[in-house]
Amino acid sequence: MLQIEKKRCFVELGKFLTQFSYEKTAKNETVLNNDLFYDDFINLIELSQSHNGWFTPEQVYFAINSWANALTEENLDKWLSPYDFSNVKSKTVGLILAGNIPLVGFHDFLSVLISGHKVLVKTSSNDQHLIKFLANYLISVNPEIENYITFTDGKLENFDAVIATGSNNTARYFEFYFKDKPSIIRKNRNSVVVLNGNETHEDLVNLGEDIFRYFGLGCRNVSKLFVPKNYDFQPFFKAIYEYKDVIFYEKYSNNYDYNKAVFLMSNFKLLDNEFLTLKEDSSYASPISSVFYEYYENLEDIKKQLENDSDQIQCIVSKGIVENSIAFGETQKPNLWDYADTIDTLAFLQQI
């Protein structure tokens with residue numbers, strides 16, 4: 001099956017996904033195979049929260065919209081243009097997917113197929129329905145692609161390379177178990193923001209999106225603030241008040257109550273607005289409903305620290321004060337060429 005044929009399948013999938021939005025879902029009669037998939041996909045989206053309590057319709061629709069925007073012919077061509085897969089011999093690549101946010105493993109799934117390989121997928125129990133549905137849609141567009149897709153509930157077997165995502169603990173297991181195979185092993189990472197006090201209200205509102213989207217469960221969610229000495233947190237709290245309704249979601253609220261109680265019992269000093277706690281802490285990974293912060297005196301020192309700790313960091317957000325940083329509100333809108341952990345997945349797949 002040629003790459004151009006696979007690319008067409010994903011472009012058609014992108015067109016299918018453009019129909020679905022949290023604000024307004026509208027059927028487009030020109031989309032392929034709508035009669036088979038449209039109503040069932042709406043039902044699956046509504047059922048997603050019963051499969052994973054964090055997958056509210058709003059969060060699932062956001063993930064779908066992100067992929068709808070990504071899967072255009074223009075984006076796929078731009079992404080693929082630096083690579084030559086004409087001499088690639090098709091191999092089987094095992095995927096062990098995470099399940100912290102909806103469709104988090106779809107980029108790996110796409111990368112393996114578009115590069116000419118076969119994919120052997122072990123989904124997370126927390127996200128095992130959405131990606132299978134999208135795979136079935138691809139097969140409906142071109143049945144030949146089914147020969148390249150296998151899902152398994154058991155142990156991965158009969159594969160040539162692997163891409164596995166997990167915690168730091170499971171990564172050690174992956175590294176041992178897959179030591180004889182070409183692999184990409186992804187560990188825990190977190191995202192940070194560097195503020196200097198000159199941010200606008202709009203900037204800080206957009207930062208709230210980076211913090212609260214997917215309830216803060218993603219590696220691209222900001223979990224740590226770097227702020228200058230004597231930073232005034234009032235503009236920050238005023239801006240993120242727009243996200244106050246997050247506390248009405250029971251799972252988030254339970255985490256807020258629990259983590260706040262743990263902090264207070266440990267006599268930690270907290271800043272609190274009744275739906276988010278801020279705690280001064282040198283760590284990068286904060287618990288759900290909390291963000292850590294750290295003061296700095298010299299911006300260059302922070303830049304050097306972030307460079308030294310790059311293996312722990314997924315994204316850096318700033319208003320241009322840190323090189324190659326991401327704009328406020330954009331962490332959960334990666335392009336196809338924004339690789340997780342800065343590991344070029346297509347280059348890896350080109351070489352195996």
Side-chain angles (χ1 to χ4, degrees), residues 1-7 9-10 13 67 71 76 79-80 83-189 219 311 336-337 339-352:
M1 188 175 183
L2 299 176
Q3 185 184 71
I4 192 170
E5 296 172 320
K6 292 180 182 176
K7 187 179 74 173
C9 292
F10 284 102
L13 175 61
W67 279 110
L71 294 176
L76 288 165
W79 178 42
L80 295 170
Y83 309 91
D84 180 7
F85 294 102
S86 58
N87 295 320
V88 166
K89 294 182 179 179
S90 183
K91 296 183 178 180
T92 298
V93 180
L95 297 183
I96 299 178
L97 304 185
N100 49 322
I101 65 176
L103 292 171
V104 67
F106 191 74
H107 190 277
D108 289 335
F109 178 85
L110 162 64
S111 298
V112 173
L113 291 175
I114 208 74
S115 61
H117 298 294
K118 297 179 180 180
V119 66
L120 173 62
V121 186
K122 184 173 178 61
T123 62
S124 166
S125 60
N126 290 326
D127 186 17
Q128 55 184 311
H129 301 284
L130 290 167
I131 194 168
K132 291 178 180 177
F133 189 97
L134 300 191
N136 285 332
Y137 184 84
L138 293 170
I139 293 167
S140 78
V141 175
N142 188 330
E144 190 177 348
I145 203 171
E146 185 173 12
N147 298 324
Y148 291 81
I149 301 171
T150 303
F151 288 91
T152 180
D153 295 325
K155 187 172 73 170
L156 287 187
E157 295 179 325
N158 302 317
F159 58 92
D160 303 297
V162 66
I163 302 174
T165 304
S167 66
N168 289 343
N169 287 332
T170 57
R172 285 192 287 269
Y173 165 79
F174 292 153
E175 287 169 348
F176 173 79
Y177 187 75
F178 301 124
K179 62 182 182 295
D180 298 324
K181 301 284 187 180
S183 64
I184 295 176
I185 308 296
R186 300 204 181 98
K187 306 176 183 179
N188 288 344
R189 290 206 180 205
C219 63
D311 62 339
L336 292 172
W337 46 89
Y339 294 106
D341 300 5
T342 66
I343 299 173
D344 189 326
T345 314
L346 286 188
F348 167 77
L349 293 166
Q350 192 177 31
Q351 297 165 6
I352 61 173

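Note that the structure is a prediction, hence the values are computed from the model and not measured.
With hydrogens and angles ignored, the 3.5 Å screen pairs no side-chain donor or acceptor of Gln351 with any backbone N or O of Phe348. Remark: side-chain polar atoms of Glu146 are not paired, donor with acceptor, to backbone N or O of Ile139 under 3.5 angstrom. A donor-acceptor contact shorter than 3.5 Å links the side chain of Lys181 to the backbone of Phe159. Looking at Asp127, its side chain never comes within 3.5 Å of a backbone N or O of Pro102 through a donor-acceptor pair. Within the 3.5 Å criterion, the main-chain N or O of Ile185 finds no donor-acceptor partner in the side chain of Ser183. A donor-acceptor contact shorter than 3.5 Å links the side chain of Asn142 to the backbone of Glu144. The backbone N or O of Phe85 lies less than 3.5 Å from no partner atom in the side chain of Gln350, so there is not a single donor-acceptor pair. Of the possible polar contacts, none joining the Tyr148 side chain to the Gly116 backbone as a donor-acceptor pair under 3.5 Å is found.
The line from CG of Leu13 to CG of Leu138 is 5.0 Å long, rounded to the nearest 0.5 Å. The CG atom of Asp153 sits 6.5 Å away from the OG1 atom of Thr123 when rounded to the nearest 0.5 Å. From Lys91, atom NZ reaches atom CG of Leu120 across 15.5 Å, with rounding to the nearest 0.5 Å. If you take CD1 on Ile184 and OG on Ser111, they are separated by 8.5 Å, rounding to the nearest 0.5 Å. Atom CH2 of Trp67 is separated from atom CG of Leu110 by 5.5 Å, given to the nearest 0.5 angstrom. Distance OG/Ser167 to CG/Asn188: 5.5 Å, rounded to 0.5 Å.
Remark: aromatic rings of Phe10 and Tyr137 are distant, center separation not under 6.0 Å. Taking the ring centroids of His107 and Trp337, they lie at or beyond the 6.0 Å cut-off.
Between Ala347 and Tyr83, the shortest heavy-atom distance links the atoms N-CE2, 3.7 Å. The two residues Leu156 and Phe178 have their closest heavy-atom pair at CD1-CZ, 4.5 Å. Considering every non-hydrogen atom in both Ile131 and Leu103, the closest pair reads N-CD2, 3.8 Å. Closest approach of Ser115 to Val112, counting heavy atoms only: OG-O, 2.9 Å. A pairwise comparison of heavy atoms in Ala98 and Thr165 identifies CB-CG2, 3.9 Å as the closest pair.
Between His117 and Val88, some side-chain heavy-atom pair lies under the 4.5 Å cut-off. Contact check for Leu346 versus Ile114: side-chain heavy atoms found under the 4.5 Å cut-off. Leu97 has its side chain out of reach of Val104: every pair of non-hydrogen atoms, C-beta onward, lies at least 4.5 Å apart. Residues Thr150 and Lys118 have side chains not in contact (no heavy-atom distance under 4.5 Å, counting atoms from C-beta outward). In this structure, the side chains of Phe109 and Ile163 stay at 4.5 Å or more apart for every pair of heavy atoms. Two residues are said to be in side-chain contact when any heavy atoms from C-beta on lie closer than 4.5 Å; Val162 and Val93 fail this criterion.
Under the 4.0 Å criterion applied to side-chain N and carboxylate O atoms, Glu175 and Lys187 are assigned as salt-bridge partners.
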### Task
Decide side chain to side chain contact (heavy atoms under 4.5 Å, CB included) for Arg172 and Tyr177; before the verdict, give the C-alpha distance in whole Å, the side-chain angles of both, and the deciding distance to 0.1 Å.
CA-CA 9 Å; Arg172 285 192 287 269; Tyr177 187 75; over 6 Å; no
### Task
Please lay out, stage by stage, how Arg186 and Asp108 fare under the test side chain to side chain contact (heavy atoms under 4.5 Å, CB included).
CA-CA 12 Å; Arg186 300 204 181 98; Asp108 289 335; 2.7 Å; yes
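Around NZ of Lys7, the count of heavy atoms belonging to other residues, nucleotides or ligands within 6.0 Å exceeds 12.
Figure legend: cation-pi geometry between Lys122 and Phe151 absent, as NZ or CZ is not positioned both under 6.0 Å from the six-membered ring centre and within 45° of its axis. Relative to the ring axis of Phe176, Lys179 places its NZ or CZ within 45° and under 6.0 Å from the centre.
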